[in-house]
Amino acid sequence: MKKSVFLGTLAATTVLAGAAFAGTLDDVKARGELICGSNVALTGFGAADAAGEWKGFDVDLCRAVAAAVVGDGTKVKFVPTTGETRFTALASGEVDVLIRNSTWTYSRDNDLKFDFVAVNYYDGQGFMVKKDLGVSSAKELDGATVCIQTGTTTELNLADFFKSNNISYTPVTVGDDTEAQRQYETGACDAFTTDASGLASTRAAMADPGNHIILPEIISKEPLGPVVRHGDNNWGDVVRWTFNALLIAEEKGITKANLEEVVAAATADAAYDPEVKRLLGIDGDMGAMAGLDKEAFKRAIAVSGNYGEIFEANIGASTPIGLARGLNALWTQGGLQYAAPFR
Amino acid sequence: MTIAVEPPKAAFRLSMLIYDTRYRAMTIQVIVLALVLLFVGWLTDNTIQNLAAKDKDINFGFLWARAGYDIDQQLIPYTNDSTHGRALFVGLANTLVVAFFACIFATIIGVIAGVLRLSKNWLVARLMTVYVEVFRNIPLLLWIILSFVVLGETRPAPKDFRVTDEMIAAGESPAATMSFFDSVAITNRGSNIPAPKLTTDLGGFELLGVPFSFAVLGTLALIIGSVLVNNRVLAQAKAVQEATGDRPTTWWKSLLILFAPTLLFLWVLGFHLEYPVLKGFNFQGGISVAHSFTALVIALSIYSATYIAESVRAGILAINRGQTEAAYALGIRPGRTMKLIVLPQALRVIIPPLISQYLNITKNTTLGMAISYLDLKGTLGGITLNQTGRELECMLLMMMIYLTLSLLISSLMNIYNNAVKLKER
């Protein structure tokens with residue numbers, strides 16, 4: 001009798017442990033805090049500043065999701081993850097969502113059982129070398145020593161690139177960006193390779209950014225985006241549409257500064273753009289469809305502004321990282337950022 | 001008349017399992033065993049259920065899939081087209097080679113330090129005490145990182161070795177030059193040492209994907225053969241010495257037997273050294289030893305040597321002073337006393353802790369991940385795990401391999417221990 005109770009409890013715990021991942025949205029709401037898997041320190045994308053405040057392009061997306069779900073963009077706990085630990089952290093439920101320049105690939109989507117719900121940065125792998133090396137193309141790197149971060153798609157691209165160009169290299173496999181940077185700076189490797197955005201970020205953090213050049217070759221497609229666990233569709237939709245909301249906001253010219261004015265104007269004017277009204281929760285209750293409230297997406301935009309604002313503030317041309325919008329411009333401006341209609 | 005007195009046999013009752021001391025121990029053991037099995041079963045079941053809940057299965061099929069990444073140091077041939085399984089073996093070989101060299105150097109340094117710590121020379125003894133206490137009381141990881149950073153940051157970059165035409169015209173010398181008569185180049189990336197090469201290739205064969213060259217096998221066979229023949233010569237000399245009290249001169253015979261056949265064989269095959277040359281970004285040719293390997297061997301050796309030194313010291317102290325005094329009384333010099341009388345006896349005490357030190361060294365090689373050394377943990381437990389996402393499978397495999405490795409080492413060492421231990425007859 002007692003034994004069967006014991007076994008019953010065991011079975012129940014097991015089932016609960018399995019089911020715990022299903023309702024991430026409810027978990028986050030109940031906790032009142034979003035746990036976001038972030039970079040350890042990638043200036044511009046995800047890094048804690050001197051005051052311990054997390055800042056960056058990916059970080060702002062985390063804050064937008066937190067604002068949409070729990071109503072406050074500051075209610076985020078950032079968990080720094082390395083290239084090696086990030087997917088384990090997500091799979092085990094240690095983080096709710098992983099927004100840490102992770103490349104969307106077939107095997108990660110299917111074999112690792114994740115869902116890439118959006119692409120917040122279209123990137124590609126590049127090389128950085130010291131200026132005095134006298135190299136102007138990646139194809140001149142025959143015999144070079146290349147520093148590379150392990151646990152990434154970049155080490156596979158690197159092998160493919162050198163092989164298809166019939167040139168050789170010596171890999172130095174490094175655990176994280178900071179160690180790769182140290183080894184590159186001491187000259188333990190001739191070139192450092194990672195996503196072009198990451199190179200720009202690393203270069204900006206160096207003491208002598210002018211002495212390093214990023215080679216023109218982009219050797220891969222690296223669509224980076226937020227990742228959630230496979231099978232929790234509702235939660236995936238929430239993250240996807242929070243990102244889409246930021247894109248639509250840029251498309252419609254809604255910024256952090258004019259948000260309240262737009263709300264006032266849209267409320268007053270019956271003929272105002274209906275998509276804006278739906279997005280900001282003035283017309284209908286679109287938030288409820290995703291398990292959120294009416295003003296969820298309005299709050300998401302209010303945290304750090306629309307997609308374009310987040311881009312410019314963290315990694316844009318005016319920052320030390322100085323990335324151009326390029327592929328990440330809106331589709332209306334020749335880029336690839338295209339949000340599905342909000343209706 | 002003798003009567004065998006037997007206690008009356010009481011009928012077995014179930015309560016005796018608890019109240020009868022004859023059965024109680026057994027009962028408890030059976031219950032504990034059942035509980036342990038139940039717990040293991042529950043753990044396994046829980047794992048499988050949770051994996052199923054996450055739509056994951058246990059599948060080792062990835063070992064036969066293309067790895068796609070490159071490994072710097074390869075003792076067996078490997079390209080990025082090889083399988084993950086092969087990457088595992090490349091990593092395992094890298095683990096073994098580090099462990100092998102670290103064990104040898106640690107033993108040498110450890111024995112010397114242990115003996116010197118007991119030296120009558122105050123300065124030498126104190127210096128060794130300082131060495132032992134400093135090195136073993138600072139975590140190994142710090143020594144590894146320190147050696148790596150020191151090697152990397154103090155040595156010049158390969159381009160500093162370059163001599164251009166303009167420099168020759170101006171009569172300038174390069175910022176750095178190669179050491180040992182221009183044969184070894186130590187850069188901030190690694191050491192390039194001359195590689196032994198043969199002009200005549202005897203061919204070879206492949207076994208389980210590992211290539212064997214007939215030239216290497218032939219050389220090994222010759223060396224082993226020479227040693228065996230030399231042993232016979234020495235045994236004969238000993239027999240003559242025991243019979244007549246006169247030891248025949250053997251040194252020239254030994255020299256001839258030990259070296260002549262091998263050297264002749266290598267000379268016929270055209271043995272020469274290939275020196276590293278600066279070409280492009282790096283030194284090419286010769287053998288390139290990455291600093292991650294060197295740093296790992298250095299740190300593991302000097303750290304583990306301190307523990308070995310302590311075992312050696314304990315072993316020597318365990319030998320009765322009377323033994324040394326007796327040796328001195330017979331007129332044996334201190335050096336020979338140590339070598340012939342004390343150390344052989346001390347080995348009995350030294351070997352068992354030495355086994356565990358070798359095991360520690362082997363397991364500690366995993367710390368190489370801190371300095372990007374691609375050992376088993378770096379390939380199977382690092383890149384393969386990340387690229388395939390098969391954490392559980394990789395971890396299980398890795399644990400199994402390290403366990404097998406440790407058990408192998410300890411059983412080999414136990415055989416040696418049985419050979420030297422005190423024979424009780």
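In what follows, every chain begins at residue 1, and chains take the letters A, B, ... in the order their sequences are listed.
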Q. Quick one: does N165(A)'s side chain have a donor or acceptor within less than 3.5 Å of a partner on I167(A)'s backbone?
A.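 Checking the backbone N and O of I167(A) against the side chain of N165(A), no donor-acceptor pair under 3.5 Å is found.
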Q: Could you grab the distance from atom CG of L300(B) to atom CD1 of I144(B), nearest 0.5 Å is fine?
A: 5.0 Å
Q) In terms of side-chain heavy atoms, does Q125(A) have a donor or acceptor partner in T193(A) at a distance below 3.5 Å? A) yes
Q: Output the residues of residues 129-146 of chain A for which the shortest heavy-atom distance to chain B is under 4.5 Å, in residue-number order; output 'none' if no such residue exists.
A: D132(A), L133(A), V135(A), E140(A), L141(A), D142(A), G143(A), A144(A), T145(A)
Q.
Using heavy-atom distances under 4.5 Å, tell me whether F283(B) contacts chain A through its side chain, its backbone, both, or neither.
A.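 F283(B) has no heavy atom closer than 4.5 Å to chain A.
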**Q.** Contacting region of A67(B) [heavy-atom separation from chain A under 4.5 Å]
**A.**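 It is the backbone, since no side chain atom gets that close.
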Q.
Counting heavy-atom pairs under 4.5 Å with chain A, which one of T79(B), N188(B), I71(B) comes out on top?
A. N188(B)
Q) For residues 60-78 of chain B, which residue pairs qualify under side chain to side chain donor-acceptor pair (under 3.5 Å), counting only residues two or more places apart or in two chains? A)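 Side chain to side chain donor-acceptor pair (under 3.5 Å) check on residues 60-78 of chain B returns Y169(A)-D70(B), R66(B)-N80(B), R66(B)-D81(B), Y69(B)-T384(B), D70(B)-N80(B), Q73(B)-N94(B), Q73(B)-Y373(B).
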Q) Using 4.0 Å as the upper bound for N to carboxylate O, is an ion pair formed by R240(A) and D237(A)? A) yes
Q) Are R182(A) and E179(A) within salt-bridge range, i.e. N to O under 4.0 Å? A) yes
Q | ring-ring contact (aromatic ring centres under 6.0 Å, His included) pairs, two or more places apart, involving residues 170-190 of chain A | A |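 Those involving residues 170-190 of chain A are Y184(A)-H212(A).
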**Q.** Partner set under ring-ring contact (aromatic ring centres under 6.0 Å, His included) for F161(A), not counting sequence neighbours
**A.**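 Testing F161(A) for ring-ring contact (aromatic ring centres under 6.0 Å, His included), a comparison that skips the adjacent residues, returns F127(A).
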Q | Best-contacting candidate, T85(A), V172(A), T88(A), against chain B by heavy atom pairs under 4.5 angstrom | A |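 Answer, by heavy-atom pair count under 4.5 Å with chain B: T88(A).
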